[in-house]
Amino acid sequence: MKQNVSKRRPVNLTIREDLLANAKSLNLNTSKAAEAGIEDAIKKAEASKWLESNKEALLAHNLRVEKEGILL
């Protein structure tokens with residue numbers, strides 16, 4: 001994963017105590033771990049949004065392939 005050099009800003013988060021304790025016992029950087037989790041959630045949400053907005057085109061394409069086969 002490439003690192004983003006964007007400016008960082010402090011925020012308040014509520015995190016389960018057991019996760020925080022486990023992360024600290026493993027010497028994880030909780031800020032970086034939270035950032036990675038948020039980044040992953042954003043990617044999944046964007047992919048889901050893209051699939052939803054392109055649903056009709058994907059269905060039409062799949063129907064065409066089912067009827068006519070692939071173009072190659």
Side-chain angles (χ1 to χ4, degrees):
M1 175 173 24
K2 70 177 184 175
Q3 292 212 347
N4 192 342
V5 292
S6 296
K7 184 178 175 183
R8 288 184 161 67
R9 136 186 138 150
V11 297
N12 291 323
L13 298 173
T14 303
I15 300 173
R16 287 183 6 217
E17 288 182 3
D18 61 324
L19 290 178
L20 191 56
N22 284 340
K24 287 188 177 194
S25 73
L26 295 167
N27 295 317
L28 293 178
N29 180 325
T30 53
S31 292
K32 296 276 186 181
E35 193 173 86
I38 293 168
E39 189 173 36
D40 185 53
I42 289 169
K43 287 177 184 177
K44 287 178 182 176
E46 287 175 337
S48 179
K49 185 177 178 180
W50 185 91
L51 285 172
E52 183 60 35
S53 66
N54 290 284
K55 186 170 148 178
E56 288 182 29
L58 292 167
L59 288 171
H61 171 75
N62 289 339
L63 282 173
R64 189 201 57 76
V65 169
E66 206 174 288
K67 289 179 183 177
E68 302 171 18
I70 60 174
L71 294 174
L72 299 175

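Heads up: numbering here begins at 1 and tracks the sequence.
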Going by the side chain to side chain donor-acceptor pair (under 3.5 Å) test, which pairs reach into residues 9-23, not counting sequence neighbours?
-> Arg16-Asp18

Does Leu28 have any side chain to side chain contact (heavy atoms under 4.5 Å, CB included) partners at least two apart in sequence or in another chain, and if so, which?
-> Ala23, Leu26

In short, salt bridge (Lys or Arg N to Asp or Glu O under 4.0 Å) pairs touching residues 20-29 with sequence neighbours left out are none

Taken in chain and number order and not counting sequence neighbours, the residues that satisfy side chain to side chain donor-acceptor pair (under 3.5 Å) with Asp40 are Lys44

Tell me the side chain to side chain donor-acceptor pair (under 3.5 Å) pairs involving residues 63-72, sequence neighbours left out?
-> none

Looking at residues at least two apart in the chain, or sitting in another chain, which of them share a salt bridge (charged side-chain N to carboxylate O under 4.0 Å, His left out) with Lys7?
-> none

Partner set under side chain to side chain contact (heavy atoms under 4.5 Å, CB included) for Asn29, not counting sequence neighbours | Ser31, Lys32

Which residues satisfy the side chain to side chain contact (heavy atoms under 4.5 Å, CB included) test with Leu63, sequence neighbours excluded?
-> none

Taking ILVMFWY side chains as joined if any heavy atoms are under 4.5 angstrom apart, and letting links pass through other members, which residues group with Leu51?
-> Trp50, Leu58

Hits for side chain to side chain contact (heavy atoms under 4.5 Å, CB included) against Leu13, two or more places apart or cross-chain, chain-then-number order -> Val11, Ile15, Ala34

